[in-house]
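Data first, discussion second: the structure below is written as structure tokens.
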Amino acid sequence: KLQKDLEEVKELLAKATRKRIRDVLLTEKHKLELEIKNQPPPKPKDATEEEKSSLGGYTVKINNYAWDQSDKFIKIYISLTGVQKLPAENVQVNFTERSFDLLVKNLNGKNYTMTFNNLLKPISVEGSSKKIKTDTVLVMCKKKREEKWECLTQVEKESKEKEKAAYDTSDPSEGLMNLLKKMYAEGDDEMKRTINKAWVESREKQSKGDIPMDI
């Protein structure tokens, strides 16, 4: 593309007669020549093709999994049909103290990845491992301390705590308000109309003194 731009600028330069136009074109010509000079060399085609064939087709992000735990391990089960037929090196898991990522290469022409960041508690990198079973990859995260995990990640824990805080309140009307706000935010147009109607009616009743509590 840059080469074509340069050729066009040269053509215009050959036709230009006014000094100001020629100066602009000469500046553009120098800029393009510099850009072309600084471009990285193209990757050899065979190397690109080789890279593609080693990785298979496109990459699929894994979202479905099941998990369990013992005193010593967090166990994550990932279902992948036919994974046991792959060479062992095609299934890779990298662990850090608070994360792991799984890469399954070239399974039926696709790659599969899964990443867990911010694990709830630290794990032992050396003690963690993977096991390949029929149609399943089992990721074994060795706990640093033998204690029960309430969930897998810090994000899940914070999300649960926020939900709990929204409903655990000493003021029942505040709890109801939070619930209505959540329903309104997540609801469709019909739900929003219904909540608005209920809100207006409750305000009218309150102003008449029919109900003392603000809902």
Side-chain angles (χ1 to χ4, degrees), residues 43-168 178-179 181-192:
K43 199 172 184 181
K45 193 180 175 187
D46 54 349
T48 311
E49 292 303 317
E50 192 181 319
E51 199 175 279
K52 275 189 185 172
S53 63
S54 71
L55 274 175
Y58 61 90
T59 298
V60 180
K61 194 172 179 182
I62 303 167
N63 292 312
N64 295 325
Y65 62 91
W67 74 285
D68 192 8
Q69 63 182 309
S70 63
D71 290 341
K72 294 183 179 179
F73 286 95
I74 292 288
K75 305 169 187 176
I76 296 101
Y77 299 85
I78 299 117
S79 295
L80 288 169
T81 304
V83 70
Q84 72 278 7
K85 297 172 186 171
L86 288 176
E89 62 269 18
N90 279 35
V91 182
Q92 299 168 3
V93 185
N94 293 313
F95 297 94
T96 74
E97 194 175 70
R98 292 295 289 270
S99 72
F100 74 84
D101 61 83
L102 164 73
L103 171 63
V104 178
K105 293 194 286 187
N106 213 356
L107 175 60
N108 301 321
K110 297 176 191 172
N111 309 307
Y112 293 84
T113 65
M114 172 181 260
T115 301
F116 269 93
N117 291 315
N118 295 317
L119 289 170
L120 186 64
K121 297 176 189 293
I123 60 172
S124 161
V125 174
E126 301 77 23
S128 299
S129 61
K130 67 171 191 295
K131 289 183 181 177
I132 312 298
K133 298 176 175 286
T134 305
D135 299 334
T136 303
V137 177
L138 170 58
V139 179
M140 307 272 290
C141 298
K142 176 99 186 296
K143 295 176 179 178
K144 274 211 166 176
R145 290 175 60 186
E146 293 184 19
E147 56 186 326
K148 190 175 180 184
W149 290 23
E150 57 198 276
C151 48
L152 270 180
T153 65
Q154 190 65 34
V155 175
E156 279 179 62
K157 185 185 178 187
E158 286 168 11
S159 175
K160 281 183 181 178
E161 283 172 354
K162 275 183 191 169
E163 274 189 36
K164 194 177 175 188
Y167 303 118
D168 284 6
N178 286 330
L179 179 60
K181 281 177 188 171
K182 188 172 190 292
M183 287 167 68
Y184 189 87
E186 295 174 0
D188 55 16
D189 290 343
E190 186 63 38
M191 173 68 77
K192 285 175 180 173

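What you are looking at is a predicted structure, and each value in this text was computed from that prediction instead of being measured.
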Problem set entry | Main-chain N/O of Asp135 paired with Gln84 side-chain donor or acceptor, under 3.5 Å | yes
Exercise. Checking Asp101 side chain against Met114 main chain: does a donor-acceptor pair fall under 3.5 Å?
Worked result: no
Exercise. Does the Lys121 side chain pair with the main chain of Arg145, one donor and one acceptor, at a distance under 3.5 Å?
Worked result: no
Problem set entry | Over all atoms of both residues, closest heavy-atom pair of Ser99 and Ile123 | O-CD1, 4.2 Å
Problem set entry | Among Lys75, Lys143, Glu147, side chain to side chain contact (heavy atoms under 4.5 Å, CB included) partner for Gln69 | Lys143
Exercise. Which distance, rounded to the nearest 0.5 Å, do you find between the CG of Leu119 and the CG of Leu152?
Worked result: 7.0 Å
Problem set entry | Least distance between heavy atoms, Lys160 atom then Cys151 atom | NZ-CB, 4.0 Å
Problem set entry | Shortest non-hydrogen contact between Lys110 and Tyr58, atoms and distance | CE-OH, 3.2 Å
Problem set entry | Minimal non-hydrogen separation, Cys141 against Phe100, with atom names | SG-CD2, 3.8 Å
Problem set entry | Criterion side-chain contact (heavy atoms from CB on, under 4.5 Å) on Asn90 and Leu107, from CA distance to verdict | CA-CA 9 Å; Asn90 279 35; Leu107 175 60; over 6 Å; no
Exercise. From Thr153 OG1 over to Glu158 CD, what is the distance, rounded to the nearest 0.5 angstrom?
Worked result: 8.5 Å
Exercise. Which pair of non-hydrogen atoms, one from Tyr77 and one from Trp67, has the smallest distance, and what is that distance?
Worked result: CD1-CA, 4.4 Å
Exercise. Relative to each other, are the rings of Phe116 and Tyr65 parallel, tilted or perpendicular (30° and 60° limits)?
Worked result: perpendicular
For this session: Check whether any side-chain heavy atom of Leu80 lies under 4.5 Å from a side-chain heavy atom of Ile62, and answer yes or no.
Result: yes
Problem set entry | Spacing of CG belonging to Leu138 relative to OG1 belonging to Thr136, to within rounding of 0.5 Å | 8.5 Å
Problem set entry | Atom pair NZ (Lys130) and CZ (Phe95), whose distance is rounded to the nearest 0.5 Å | 8.5 Å
Exercise. Can you find a heavy atom in the side chain of Val137 that is under 4.5 Å from one in the side chain of Ile132?
Worked result: yes
For this session: Work out which heavy atom in Ile78 is nearest to a heavy atom in Asn64; give both atom names and the distance.
Result: CG2-O, 4.5 Å
Exercise. So, does Ser128 use its side chain to make a donor-acceptor pair with the main chain of Lys142 at under 3.5 Å?
Worked result: yes
Exercise. Are the side chain of Arg98 and the backbone N or O of Leu120 linked by a donor-acceptor pair below 3.5 Å?
Worked result: yes
Seminar exercise, completed: dist Asn117:CG -> Thr96:OG1 (nearest 0.5 Å) comes out at 7.5 Å
Exercise. Roughly how far apart are Leu103 CG and Asn111 CG, rounded to 0.5 Å?
Worked result: 6.5 Å
